[in-house]
Amino acid sequence: MIDIRLVRQDVAAVRAALARRGVDPAEVDALAAEDEEARQLVAHRDELRAQVNALSKQVGEARRAGEAERAEELAGLSRRLGDELRAVDGPAEAAAGRVRERLLWLPNLPSDDAPDGAGPHDNPVVRRWPDAPRTYADHQRVPHWDVAAALGILDLERGARLSGSMFPAFRGMGSRLLRALTALALDRHADAFEEVRPPTLVRTETMMSTGHLPKFADEAYAVERDGLWAIPTAEVPLTSMYRGEIIEEDRLPLRLTAATACFRREAGAAGRDTRGLLRVHEFDKVELFAYATTDQAPAVHADMVGRVEALVQALGLEYRVLDLCTGDLGNSSARTFDIEVYAPGCDMWLEVSSISWFRDYQARRADVRYRPAGGGSPRFVDTLNGSGLAWARIWAALVEVGRQPDGSVELPEVLAPYLGGTRTIG
RNA sequence: GGAGGGAUGGCAGAGCGGACGAAUGCGCGGCUCUUGAAAAGCCGUGAGGCGCGAGCCUCCGUGGGUUCGAAUCCCACUCCCUCCGCCA
């Protein structure tokens, strides 16, 4: 959540910043008004409480001094104030609760340098690789579901039998390719990122911390009986790894990476781009994550983008980098770069990574702070994360790009060591 | 699944109705001593909120209750740990 103090100091600035991403200014004004009201109620409540506390102290003193009568008198006075206090306490708590609730639902402020825009169509392309667009042969213009079916490496029908549509089953070299991709990515990030294998079912608080709840409950699978949620991304458990902790500054940036399955209901996207692996309910992904100071964050962010680009290049896929505009920015993010690879078979740019800087929006929810090296009060950390990478779509692109005239698939050289020396499927 | 134990500051750990936001130790910061360091000694050191400020308020797992007054008593819940059983 954002810092309520920003609203107090400069409502206009918050209103303007959030308006850039389509939040109704009236909501910000309502928040400011409720905060003002809550503060007055709380101040009054605190004042009464101070009086009760002072009187209670005097009761104790009088009693110890043997002045029973005076003690009784003071206690009576305190009792009356206590009644008054109880009358004020409820409304004050309720008002403070309303402010908290509003803050929980309010999205993050976009970074100043995030481009303005209304939606996905306004995302500027900041880079593409290779510089000159590639050309593709006819034998590469076959969608991956057809390529894969012919090779027996993807079994959508049986996956659907087990779990429903959009739950793919990979087979043979198709399955091994996923394992190879995960191993390759984890190895490449091992120099700076500690590998973690977190749980994939998490508590409600854990989903709250990243901002996936309460707003996006419909997007997540819930295991209701046990009060657990299936993670939509490893960002969720990784962000909460240090929940409630204070980290020494010299440990920052603290970087983690994890390979996990990710589960998404895709409730709002029913029927869109659902063929093959374009949009699935469960997929594997390697996630990059960091806690950092605000000063470190831009460099950490840039490093993550660089790593992901290098990985996509190593896989030989054509891609472009988008700077997400304010209208398309994720709820919790201040700045996000998306990486899309080109899949010639279905002639689509597929989002395979989203690399975001959340400032302290998530840390404030998750209560993760650091102790500044020079001493002083703990501060909230900044969190950053990005996929490095999401495999289902990478798999699809690799299969389409690598398709040979004879229907077999040729995979990039870097994967050979992870595929038992071969790079051919078929 | 059964039986117990527990939740207090950065960490460990006391406290079991009033002088407790909390002993003590460790850690951390400053100072003294020292050529420097270590050791030793002295002093300081929880977090959050409100207020220009003096200062005030909140926080001892969470929520309720008793009381003039709750870390301390009562109720409910959550979480953690140990042992037994079952199990990949």
Side-chain angles (χ1 to χ4, degrees), chain A residues 1-9 31-104 197 199-209 213 223-229 237 240-252 254 261 291 360 363-381:
Chain A
M1 64 190 97
I2 65 168
D3 189 345
I4 185 67
R5 280 175 296 193
L6 291 175
V7 177
R8 288 175 192 157
Q9 281 160 18
L31 170 64
E34 285 188 346
D35 177 54
E36 182 56 40
E37 186 198 352
R39 266 204 292 177
Q40 281 180 13
L41 290 170
V42 167
H44 182 224
R45 190 264 317 265
D46 286 355
E47 200 175 307
L48 277 173
R49 189 124 65 189
Q51 291 176 29
V52 171
N53 287 348
L55 279 170
S56 295
K57 199 166 280 184
Q58 289 175 36
V59 172
E61 283 163 4
R63 191 156 292 168
R64 244 169 286 118
E67 303 168 16
E69 205 170 302
R70 177 166 164 69
E72 211 26 66
E73 188 183 322
L74 287 166
L77 203 58
S78 176
R79 205 173 299 132
R80 273 199 298 285
L81 274 173
D83 291 340
E84 202 178 324
L85 171 62
R86 262 181 290 282
V88 176
D89 192 47
E93 273 311 303
R98 279 197 297 276
V99 172
R100 269 196 306 276
E101 187 66 15
R102 258 187 201 283
L103 278 174
L104 224 44
R197 177 39 250 245
T200 46
L201 294 181
V202 298
R203 295 202 170 113
T204 299
E205 306 95 273
T206 308
M207 289 283 278
M208 284 274 185
S209 296
L213 290 179
V223 185
E224 276 183 54
R225 186 167 65 166
D226 299 291
L228 294 170
W229 302 79
S240 286
M241 285 277 285
Y242 284 77
R243 186 166 64 217
E245 295 197 42
I246 298 174
I247 305 167
E248 294 302 327
E249 182 175 353
D250 60 17
R251 296 187 59 196
L252 300 178
L254 198 161
Y291 296 113
D360 61 2
R364 200 173 286 281
R365 287 166 164 249
D367 188 27
V368 181
R369 293 171 292 173
Y370 72 95
R371 193 176 295 286
S377 299
R379 294 178 205 157
F380 289 110
V381 299

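Chain identifiers are assigned alphabetically (A, B, ...) following the order of the sequence lines, protein sequences preceding nucleic acid strands; residue numbering begins at 1 within each chain.
Rounded to whole Å, the P atom of A37(B) lies 11 Å from the corresponding atom of C31(B). Remark: the separation of the C1' atoms in A22(B) and C59(B) is 12 Å, to the nearest Å. Taking atom C1' on both G5(B) and A39(B), the two are 41 Å apart, rounded to the nearest angstrom. A47(B) and G29(B) are spaced 15 Å apart, taking the P atom of each and rounding to whole Å. Distance check on atom C1': C87(B) versus G48(B) gives 45 Å, rounded to whole Å. Across U45(B) and G51(B), the matching P atoms stand 25 Å from one another, rounded to whole Å. Here, U72(B) and U82(B) have their C1' atoms 26 Å apart, quoted to the whole Å. U8(B) sits 6 Å from G61(B) when the P atoms are compared, rounded to a whole Å.
In this structure, Leu103(A) CG and Arg365(A) CZ are separated by 9.0 Å, a value rounded to the nearest 0.5 Å.
Looking at residues 36-54 of chain A, you'll see Arg39(A), Asp46(A), Arg49(A), Ala50(A), Asn53(A) sit with a heavy atom under 4.0 Å from some atom of RNA chain B. In the region residues 69-83 of chain A, proximity to RNA chain B at under 4.0 angstrom, judged on heavy atoms, holds for Ala75(A), Ser78(A), Arg79(A).
With G10(B), A47(B), G49(B) as the candidates, the nucleotide lying closest to the side chain of Arg369(A) is A47(B). The side chain of Arg5(A) sits closest to G49(B) out of A47(B), C80(B), G49(B). Picking from G69(B), C79(B), G48(B) the nucleotide with the shortest atom distance to the side chain of Arg203(A) gives C79(B).
Legend: residues meeting side chain to side chain contact (heavy atoms under 4.5 Å, CB included) with Arg80(A), ordered by chain and number and at least two apart, are Leu77(A). For Arg5(A), the side-chain hydrogen bond (donor to acceptor under 3.5 Å, both in side chains) criterion is met by Asp3(A), not counting sequence neighbours. Every residue was checked against the side-chain hydrogen bond (donor to acceptor under 3.5 Å, both in side chains) condition with Asp46(A), not counting sequence neighbours, and none meets it. Considering only residues two or more places apart in sequence or on other chains, Arg369(A) meets the salt bridge (charged side-chain N to carboxylate O under 4.0 Å, His left out) condition with Asp367(A). Residues passing the side chain to side chain contact (heavy atoms under 4.5 Å, CB included) test with Asp226(A) are Val223(A), Leu228(A), sequence neighbours excluded. With sequence neighbours excluded, no residue forms a side chain to side chain contact (heavy atoms under 4.5 Å, CB included) with Ala43(A). Taking Glu249(A) as the reference, Thr293(A), Tyr370(A), Pro372(A), Ala373(A) meet the side chain to side chain contact (heavy atoms under 4.5 Å, CB included) condition, with sequence neighbours excluded.
Note: CD (Glu205(A)) to C1' (C77(B)) measures 13 Å, nearest angstrom. Taking atom CD of residue Glu93(A) and atom C1' of nucleotide U58(B), one finds them 10 Å apart after rounding to whole Å. Between Ile246(A) atom CD1 and C28(B) atom P there is a gap of 16 Å when expressed in whole angstrom units. The separation between Arg100(A) atom CZ and G48(B) atom P is 17 Å, rounded to whole Å. Summarising the geometry, the separation between OH on Tyr242(A) and P on G10(B) is reported as 17 Å, rounded to the nearest angstrom. Rounded to whole angstrom, the span from the CZ atom of Arg251(A) across to the P atom of C11(B) amounts to 13 Å. Distance Asp367(A) CG to G46(B) P: 18 Å, rounded to the nearest Å. Rounded to an integer number of Å, the gap from Arg371(A) CZ to C28(B) C1' is 8 Å.
Within 6.0 Å of atom CD in Glu205(A), more than 12 heavy atoms from other residues, nucleotides or ligands are found, so the atom counts as buried in its surroundings.
Nearest-nucleotide mapping onto RNA chain B: of Ser56(A) and Arg379(A), the residue sitting toward the 5' end is Ser56(A). Projected onto RNA chain B by closest heavy-atom contact, Arg86(A) and Glu248(A) fall at different nucleotides, the more 5' of which corresponds to Glu248(A).
A donor and an acceptor atom sit less than 3.5 Å apart, one in the side chain of Arg63(A) and one in the base of G18(B).
Here salt bridge (Lys or Arg N to Asp or Glu O under 4.0 Å) pairs that include residues 83-94 of chain A, with residues two or more places apart or in two chains, are Arg45(A)-Asp89(A), Arg45(A)-Glu93(A), Asp83(A)-Arg86(A). Applying the side chain to side chain donor-acceptor pair (under 3.5 Å) test to residues at least two apart or on different chains, none of the pairs has a partner in residues 49-75 of chain A.
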(message) Dot-bracket, 5' to 3', for RNA chain B please: Watson-Crick or G-U pairs under 3.5 Å, [ ] where pairs cross earlier ones, | where the partner sits on another strand, dots elsewhere.
(response) ((((((((.[[[..)..(.....]]]((((((.......))))))(((((....))))).[[[[[..)....]]]]])))))))....
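Each of Thr206(A), Thr204(A), Leu104(A) was scored for a side-chain contact (heavy atoms from CB on, under 4.5 Å) with Leu213(A), with one residue passing: Thr204(A).
Across all strands shown, Leu55(A) has no heavy atoms under 4.0 Å from either base or sugar-phosphate atoms.
No side-chain donor-acceptor contact under 3.5 Å links Tyr291(A) to the backbone of Val368(A).
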